[in-house]
Number of protein chains: 2
Amino acid sequence: MVDLKNKLSENGLKITPQRLIILEAIYSIDHPTADDIIKYIRKKHSNIATGTVYKVLEKFVEKGLIKKITTDKDVIRFDGIMTPHHHLYSIDSDVIKDYEDEKLDNILKEYFSNRELPGFDIEEITIQIKGRFNN
Amino acid sequence: MVDLKNKLSENGLKITPQRLIILEAIYSIDHPTADDIIKYIRKKHSNIATGTVYKVLEKFVEKGLIKKITTDKDVIRFDGIMTPHHHLYSIDSDVIKDYEDEKLDNILKEYFSNRELPGFDIEEITIQIKGRFNN
DNA sequence: TTCTTAAGTGAGAATTATTCTTATTTAGAC
DNA sequence: GTCTAAATAAGAATAATTCTCACTTAAGAA
């Protein structure tokens with residue numbers, strides 16, 4: 001259990017009930033959309049303004065507490081896991097699964113350390129693996 | 001200059017002026033949004049209904065003429081280049097640049113040929129490289 | 001503790017991107 | 001040229017996100 005209050009103050013953010021429950025939602029739901037978070041909170045009997053959720057999420061991204069996940073749908077999803085990892089995307093559905101692979105990360109790191117991209121400073125490399133879940 | 005009419009009929013699509021000019025727009029604009037395409041067409045004095053553009057783009061994706069590009073904005077972009085390639089994303093702006101790297105593709109191919117992901121059939125692997133353009 | 005104030009929030013309107021509906025038009029097979 | 005399924009236009013509807021502005025609150029200072 002992460003200390004949510006610490007998480008906020010560490011990053012110079014005021015502690016508010018709204019921020020705490022939004023953080024809680026992010027850690028409870030897998031790659032949530034803003035709307036998933038709003039529903040999570042309302043289910044808990046607390047109300048919250050949609051604008052607040054969007055603004056808080058934006059601030060969290062800015063402060064590095066969470067990341068946006070890119071999808072080819074027109075909804076933005078968020079990810080509370082900040083350790084390096086990649087994503088598996090289902091072609092048939094909206095499911096996104098985390099994919100951690102240290103070995104792969106090392107291969108990429110090695111590859112790009114010997115290969116400058118002219119006119120571009122690399123900050124982060126993530127892999128999108130599209131396919132089908134076949135449980 | 002690609003033969004746009006052929007491109008359509010090859011894929012079993014009826015040839016219409018709307019589809020031709022949308023294709024032309026895709027090949028003329030770098031990673032356009034639907035709106036970019038609409039503006040391109042209107043600038044050419046032809047009018048077109050927005051719904052038509054969206055529907056045609058969807059059909060093109062379905063038939064494999066173009067791809068959707070994932071961004072962390074809430075707009076969808078399209079890409080007419082179907083040969084395998086990756087993308088450089090600017091952190092500060094909306095600029096997206098193509099990145100082709102056959103050597104990298106081979107490394108990935110090799111790596112994933114020896115590594116089954118349990119419960120997942122890989123269709124396509126793309127890399128997103130985020131950073132800053134420093135021309 | 002109380003005061004102060006910048007920062008945060010609520011409520012709902014506004015905007016933007018996308019999808020849907022229905023009537024009309026058209027490409028292409030015959 | 002006819003016919004029909006497919007495509008398009010126009011604009012309404014929906015969905016996601018942003019904006020505005022008045023009110024509230026967290027947290028540092030007194």
Side-chain angles (χ1 to χ4, degrees), chain A residues 4-26 29 31-42 44-63 65-66 68-78 94, chain B residues 4-26 29 31-42 44-63 65-66 68-78 94:
Chain A
L4 301 179
K5 290 191 184 180
N6 259 356
K7 200 116 198 159
L8 291 175
S9 46
E10 270 170 16
N11 289 281
L13 293 169
K14 281 191 186 171
I15 296 166
T16 70
Q18 291 83 350
R19 287 178 173 174
L20 287 171
I21 199 164
I22 290 172
L23 258 193
E24 182 193 311
I26 292 167
I29 313 169
H31 307 117
T33 63
D35 196 54
D36 293 335
I37 292 168
I38 291 167
K39 283 188 184 128
Y40 175 94
I41 294 171
R42 300 228 165 115
K44 289 235 163 179
H45 318 303
S46 4
N47 192 25
I48 194 164
T50 67
T52 301
V53 172
Y54 281 98
K55 230 189 276 179
V56 168
L57 288 170
E58 193 184 337
K59 183 127 278 182
F60 283 177
V61 170
E62 178 196 323
K63 295 286 185 177
L65 276 76
I66 63 174
K68 287 189 181 182
I69 302 187
T70 66
T71 75
D72 39 358
K73 305 286 150 46
D74 61 331
V75 226
I76 299 169
R77 292 183 175 273
F78 296 89
D94 283 354
Chain B
L4 301 179
K5 290 191 184 180
N6 257 357
K7 198 118 198 155
L8 291 174
S9 47
E10 271 170 14
N11 288 282
L13 293 169
K14 282 190 185 172
I15 296 166
T16 70
Q18 292 83 349
R19 286 178 174 175
L20 287 171
I21 199 164
I22 290 172
L23 257 193
E24 181 193 312
I26 291 166
I29 313 170
H31 308 117
T33 63
D35 195 55
D36 293 336
I37 293 168
I38 291 167
K39 283 189 182 127
Y40 175 96
I41 294 171
R42 301 229 165 114
K44 290 235 163 178
H45 320 301
S46 6
N47 191 25
I48 194 163
T50 66
T52 302
V53 173
Y54 281 98
K55 229 189 277 181
V56 168
L57 288 170
E58 193 184 337
K59 183 128 275 182
F60 284 178
V61 169
E62 178 195 322
K63 295 287 185 177
L65 277 77
I66 63 174
K68 287 190 181 182
I69 302 188
T70 66
T71 75
D72 34 353
K73 302 286 150 46
D74 60 331
V75 227
I76 298 168
R77 293 182 174 275
F78 296 90
D94 283 354

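Everything numeric in this text was worked out from a predicted model, so none of it was measured. Letters A, B, ... are given to chains in the order of the sequence lines, protein chains preceding strands, and every chain is numbered from 1. Below, all heavy atoms of this structure are taken into account, side chains as well, without hydrogens, waters or symmetry copies.
Distances shown here put a side-chain N or O of A:Gln18 below 4.0 Å from the OP1 or OP2 atom of C:dG10. The phosphate of D:dT8 has neither OP1 nor OP2 within less than 4.0 Å of any side-chain N or O from B:Asn47. A close approach under 4.0 Å does not occur between any side-chain nitrogen or oxygen of A:Thr16 and OP1 or OP2 of C:dG8.
Just one residue in the list A:Leu57, A:Ile69, A:Ile22, A:Ile29 forms a side chain to side chain contact (heavy atoms under 4.5 Å, CB included) with A:Phe78, and that residue is A:Leu57.
Rounded to whole Å, the distance from CD1 on B:Ile48 to P on D:dA10 is 11 Å. Whole-Å rounding puts the A:Ile15 CD1 to C:dA7 P distance at 17 Å. Residue B:Lys59 contributes atom NZ, which lies 16 Å from atom C1' of C:dT19 at whole-angstrom precision. The distance from atom NZ of B:Lys73 to atom C1' of D:dA15 is 20 Å, rounded to the nearest whole Å. Straight-line distance from the CG atom of A:Leu8 to the C1' atom of D:dT25: 15 Å, rounded to whole Å. One interatomic measurement links the two molecules: NZ of B:Lys55 to C1' of C:dC20, which rounds to 8 Å at whole-angstrom precision. D:dT8 atom C1' lies 10 Å from atom CD1 of B:Ile22, rounded to whole Å. To the nearest angstrom, P of D:dA6 lies 12 Å from CD of B:Glu62.
At distances below 3.5 Å, not a single donor-acceptor pair connects side-chain atoms of B:Arg77 with backbone N or O atoms of B:Lys68.
Among residues at least two apart or in separate chains, side-chain hydrogen bond (donor to acceptor under 3.5 Å, both in side chains) pairs with a member in residues 32-41 of chain A are A:Glu24-A:Tyr40, A:Ser28-A:Tyr40, A:Thr33-A:Asp36, A:Asp35-A:Lys39.
Atom CD of B:Glu58 has 12 or fewer heavy atoms from other residues, nucleotides or ligands within 6.0 Å.
Taking only side-chain atoms of B:Thr52, from C-beta outward, the nucleotide of C:dT9, D:dT8, D:dA26 with the closest atom is D:dT8.
The line from CG of B:Asp74 to OG1 of A:Thr71 is 10.5 Å long, rounded to the nearest 0.5 Å.
Residue whose closest nucleotide on DNA chain C sits further toward the 5' end, between B:Leu13 and A:Lys14: A:Lys14.
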Atom pairs, N/O to N/O, protein against nucleotides 16-18 of chain D, distance under 3.5 Å?
residue : atom : partner : partner atom : Å
D:dT17  : OP1  : A:Ile76 : N            : 3.0
D:dT17  : OP2  : A:Tyr54 : OH           : 2.6

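Of all heavy-atom pairs spanning A:Val53 and A:Ala34, the tightest one is CG1-O, 4.1 Å.
In this structure the side chain of A:Asn11 never reaches within 4.5 angstrom of the side chain of A:Phe60, judged on heavy atoms.
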